[in-house]
Amino acid sequence: MTALQHVKLGAYYVVTLPEPDDFDFWRERARALVQSDVPPDRVAWVEPGGSGNLFSHGERRMPVPDVTAPQVRASRAFVTLAKNAILHTDAERFALLYRLLWRHQANPRIMEDKTDGDVRRIDELARIVRRDSHKMHAFVRFRLVEESDEEEAGEHYVAWFEPEHHILRANAGFFMRRFANMKWSILTPRGSLHWDGKVMEEGPPAQRSDAPVGDPAEDLWRKYYASTFNPSRLKIGAMLKEMPKKYWKNMPEASLIPELVAGAQARESAMVAAGEIKDEARPDTLAAIEKALQTCRRCPIAELGTNPVMGEGLLDAPLMIVGEQPGDQEDVQGRPFVGPAGQLLDMHLAQAGIDRQGAYVTNTVKHFKYVMRGKRRLHQSPTAKEIDSCRWWVDSERALVKPRLVLALGASAARGVLGRTVSISRARGVPKMLDDGSELWITAHPSYLLRLEGPAREEQEKLFTADLAAVAARLTELVA
Amino acid sequence: MGQLTTIEKLEILADAAKYDASCASSGTAKKNSIGGKGIGSTEGMGICHAYAPDGRCISLLKVLLTNHCIFDCHYCINRKSSDVRRARFTPQEVVDLTLSFYRRNYIEGLFLSSGIIKSSNHTMEQMVETARILREEHDFRGYIHLKTIPEADPELVYQAGLYADRVSINVELPTDAGLTRLAPDKNARQIEGAMGEVKSSIIENKDARKRFKHAPRFAPAGQSTQMIVGADTASDADIVGKASRLYDGFGLRRVYYSAFSPIPDASAVLPLKRPPLIREHRLYQSDWLMRFYGYSSREVMQATGTDGMLPLDIDPKLAWALNFRENFPLDVNRAPREMLLRVPGLGVRAVNRIIAARRHHLLRLDDVAKLTVSIAKVRPFLVAADWRPTMLTDRSDLRSLLAPRQEQLELFAA
């Protein structure tokens with residue numbers, strides 16, 4: 001209890017870190033604070049350059065622990081994790097570490113309890129930092145600069161890299177051990193490292209323009225990258241998971257990816273076309289379309305592993321309703337427009353007096369395109385290219401059903417039918433003549449209505465209702 | 001035909017090498033270039049320097065010395081009777097490429113393999129020479145993987161092990177009958193004989209290093225092999241059995257599976273259809289069960305169906321658990337580690353965390369949820385302080401409850 005004598009009761013301490021990654025400084029201050037019995041909620045940790053005046057009332061002098069204060073205990077697991085976690089950019093990290101250190105004194109085995117919130121958080125921070133470091137080891141790309149100064153003559157390898165966290169200094173050793181006999185520099189927006197074969201020097205933050213722009217070996221490397229890729233097993237998701245797009249801009253080989261993917265898809269679809277149907281010969285029944293869809297690999301959406309959702313309805317339906325793409329529910333049930341948007345559509349169709357049973361309902365894009373967000377599959381809009389690849393199927397359906405009127409819901413559907421992008425607000429309510437003599441009507445997609453709220457939704461619902469009413473009226477004329 | 005440029009040769013010889021699955025650069029002795037004359041380090045963990053759009057890691061410069069070959073293995077794109085463009089690197093050219101890529105941090109090292117020219121010994125000499133130049137003339141301390149040729153002189157294979165971190169010999173096909181039919185120039189006894197020699201060299205070297213600190217290292221990252229899946233009629237049970245015999249008999253670090261992919265200019269003996277890629281994935285999962293989860297090969301085979309194939313719609317661990325439901329549910333607060341490892345959906349990390357956390361307090365279901373990826377998947381197999389899966393493991397539709405959704409639909413569609 002003697003330590004308390006040195007602490008002003010209720011005093012509030014402010015500790016400003018000299019560097020954002022200075023673990024030793026943090027450890028020394030944290031040790032003194034614990035020994036002086038300063039609880040976590042009485043300490044503010046401030047990053048260099050962080051807002052100090054927020055805590056202007058705080059005490060900036062450190063408390064002096066009593067000489068008899070007990071040793072501060074910290075498990076090895078904690079220290080290992082803390083050394084990584086402190087490199088994270090999260091402004092709360094110093095406080096989190098101090099809170100855990102504080103709790104360590106009462107429970108030295110706290111790190112074993114991975115259900116604890118603080119333990120989980122430090123694990124998470126350390127994991128992210130380790131990944132950032134690992135990606136730095138992997139994705140730094142040096143470029144050769146030939147130096148011709150009389151003293152500096154020789155090869156100098158320079159890299160530009162953009163780490164997400166404060167990992168540069170911590171990883172200097174890795175590059176030094178690997179390239180011990182090479183002169184190299186790594187430039188980043190947070191600082192730079194220079195190794196001349198003997199001494200490591202730290203430099204100020206750099207800009208991309210400080211780094212060289214190219215290297216003759218990059219052509220060879222790109223050729224290698226393209227040649228080692230096996231186009232018959234495209235797995236874009238697996239690539240993106242380990243090599244997210246944010247790294248691509250500093251990797252010379254990444255510029256090849258779009259063309260490699262496109263080439264692989266062309267190859268696959270050529271194989272499908274050779275094995276199944278030719279683009280020239282359209283399937284002659286809806287069943288044939290459905291069968292051929294199973295092997296469709298015209299666009300990368302099919303690689304997500306979802307099921308193609310075929311249109312459904314009468315073969316001689318006068319009305320064809322075209323949506324965007326199947327959603328989560330549609331993919332599960334294998335039928336178009338059965339999810340929330342489908343229910344809204346059904347309600348509006350009934351209101352307008354249009355019989356869905358008498359129409360042919362389908363989608364522009366046949367596969368559900370999504371990204372995982374936690375446990376949920378989140379809808380992703382198809383790209384223009386994907387819509388155009390899938391247009392072949394909608395065209396084939398139209399050629400068989402021969403509707404008098406096509407109702408396109410949303411911009412994707414309009415593009416899928418027309419082959420070019422139109423603006424819904426300008427195109428709605430005015431029919432367009434299609435090549436086969438049928439009429440195209442364009443309106444919003446019901447899921448657009450679902451995303452709106454309040455007056456905006458009311459306004460759009462009105463427009464949607466009006467569009468459907470116009471379609472209903474026109475349909476009666478056409479069929480009569 | 002004029003001389004090929006380096007970039008043209010690289011295109012041909014990297015393309016020809018890409019059917020080798022392995023690109024691992026992990027698990028070797030720690031070394032770095034401090035105090036040396038050259039560059040290179042290996043620090044235990046492998047590094048993937050890039051990923052190709054096929055999702056595979058690019059860690060090593062994986063090339064053939066040449067794709068000329070006197071053998072005529074039907075599944076191989078480089079076989080004698082194949083009509084592919086041929087090229088040939090000199091050892092020095094491979095060395096220059098490796099160093100040039102390594103300096104720019106594109107790669108962890110070199111994975112060198114080769115078609116067989118003139119004779120097995122001649123080819124092997126060229127490969128060893130490449131590794132020698134890298135190690136001795138350039139003091140290169142990065143990773144080297146040499147694919148050795150089983151027909152070559154054992155002395156040459158031994159030389160390879162002294163320069164390389166890892167050596168490998170492909171068994172190619174899981175059954176001897178398949179090998180005889182599809183690789184008429186190869187001999188199963190000879191392949192296994194060579195693997196046996198490498199194994200004893202590795203053991204002798206470990207022993208020598210215990211006694212003499214400066215004894216040269218021999219293949220510190222061990223040896224591995226590769227099997228082609230789907231080119232013959234071998235079932236998953238055959239493959240798992242073969243892999244297990246290889247692990248036990250030759251102390252292999254890894255057995256790689258390579259789904260036979262339709263190669264351009266394929267031989268007429270081969271199936272036209274490629275096996276589903278998921279089959280390769282299920283085999284790797286079964287490999288993991290044997291290596292990290294304490295399953296014996298016999299137990300993995302218990303997960304296969306009557307046709308000897310692993311189910312494609314669910315992973316082998318779940319398949320095993322469904323076949324042996326009487327072992328579940330397990331009490332998450334009491335069950336021993338080796339049993340928890342058998343719970344579908346619990347990985348090694350999760351099990352370790354559970355065991356550490358339950359020393360502190362009784363685990364409730366939401367505690368387990370914090371330690372695992374998917375509580376829905378593990379819940380039917382566990383008892384927690386506040387959770388007991390009522391009759392769940394007795395339900396006949398448990399499999400469809402747990403199978404991933406899209407595959408489930410395929411089952412219904414069938």
Side-chain angles (χ1 to χ4, degrees), chain A residues 107 109-110 112-115 120 134 137-144 155 157 159 174-182 215 217-221 223-243 251 253-254 257 260-261 264 305-307 331-332 334 375, chain B residues 6-7 10-15 17-19 32-41 43 45 47-58 61-63 97 100-101 103-106 139 142 259 261-262 274 277 353-354 356-357 359-361 363 366-367 370-371 374 405-406 409-410 413:
Chain A
N107 177 6
R109 298 178 70 180
I110 185 171
E112 289 175 8
D113 185 3
K114 300 291 185 194
T115 61
R120 278 156 57 84
H134 189 70
H137 299 169
F139 298 152
V140 157
R141 294 287 183 264
F142 287 111
R143 285 174 164 161
L144 175 59
E155 297 183 333
Y157 289 85
F174 172 85
F175 288 97
M176 192 259 286
R177 291 189 296 276
R178 172 154 290 199
F179 302 110
N181 300 293
M182 200 169 98
D215 185 307
E218 288 177 0
D219 284 340
L220 277 168
W221 172 240
K223 185 59 84 182
Y224 176 70
Y225 181 79
S227 308
T228 200
F229 158 58
N230 185 349
S232 67
R233 14 192 323 168
L234 203 57
K235 280 188 186 167
I236 300 169
M239 168 185 67
L240 286 173
K241 185 161 172 269
E242 293 299 334
M243 197 171 80
M251 299 173 73
E253 64 274 29
I257 293 171
L260 291 179
V261 171
T306 51
N307 296 299
D331 178 50
V332 172
K375 291 174 185 169
Chain B
T6 306
I7 199 162
L10 179 65
E11 179 177 15
I12 296 170
L13 294 169
D15 186 85
K18 71 183 169 200
Y19 299 97
N32 62 54
S33 48
I34 293 174
K37 299 196 302 287
I39 49 170
S41 63
E43 305 201 342
M45 210 199 304
I47 299 174
C48 293
H49 283 271
Y51 289 81
D54 53 18
R56 294 196 300 182
C57 148
I58 300 176
L61 169 64
K62 185 158 52 173
V63 289
L97 265 178
S100 165
F101 281 3
R103 283 194 197 104
R104 289 163 178 83
N105 203 40
Y106 298 162
D139 196 13
S261 52
R274 73 171 179 206
L277 285 180
R353 289 171 159 205
I354 285 175
R359 292 196 195 112
H360 292 263
H361 52 88
L363 298 184
D366 56 343
D367 292 328
K370 288 177 191 162
L371 302 174
S374 161
R405 199 172 262 173
Q406 56 268 45
L409 270 172
E410 275 173 19

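Reminder, nothing fancy here: chain letters follow the sequence lines and each chain counts from 1. Computed from a predicted structure; not experimentally measured.
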Would you mind checking which part of [X] comes under 4.5 Å of any heavy atom in chain B, side chain (CB onward), backbone (N, CA, C, O), both or neither?
X: Tyr157(A); answer: side chain
X: Arg141(A); answer: both
X: Asp219(A); answer: both
X: Glu253(A); answer: side chain
X: Arg143(A); answer: neither
X: Leu220(A); answer: both

Which bit of [X] comes within less than 4.5 Å of chain A, counting heavy atoms only: side chain, backbone, both or neither?
X: Ala17(B); answer: neither
X: Glu11(B); answer: both
X: Leu13(B); answer: neither
X: Phe101(B); answer: side chain
X: Ile58(B); answer: side chain

Between the side chain of [X] and the main-chain N/O of [Y], is any donor-acceptor distance below 3.5 Å?
X: His49(B); Y: Asn105(B); result: yes
X: Thr228(A); Y: Lys18(B); result: no
X: Asn181(A); Y: Gly36(B); result: yes
X: Asp215(A); Y: Leu144(A); result: yes

>> Are Ile47(B) and Phe174(A) packed together at the side-chain level, in the sense that at least one heavy-atom pair is separated by less than 4.5 angstrom?
In response: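 The answer is yes, as the side chains (C-beta and beyond) meet within the 4.5 Å cut-off.
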> With a 4.5 Å heavy-atom cut-off, do His360(B) and Thr115(A) have their side chains touching?
Replying inline: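 Answer no - side chains too far apart.
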> Are the ring centres of Tyr224(A) and Tyr106(B) closer than 6.0 Å?
Replying inline: no
> Using the ring of each side chain (for Trp, its six-membered ring), is Trp221(A) parallel, tilted or perpendicular to Tyr225(A), with breaks at 30° and 60°?
Replying inline: tilted
>> Under a 4.5 Å cutoff for heavy-atom pairs, which residue among Arg103(B), Lys62(B), Arg353(B) has the most contacts with chain A?
In response: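 Among the listed options, the one with the most contacts to chain A is Arg103(B).
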> Top residue by heavy-atom pair count (under 4.5 Å) with chain A, among Gly38(B), Ser100(B), Cys57(B), Gly142(B)?
Replying inline: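 Top option by heavy-atom pairs under 4.5 Å: Gly38(B).
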> chain B: which of His137(A), Arg109(A), Arg178(A), Arg177(A) shares the most heavy-atom pairs with it under 4.5 Å?
Replying inline: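 Going by pairs under 4.5 Å, I would pick Arg178(A).
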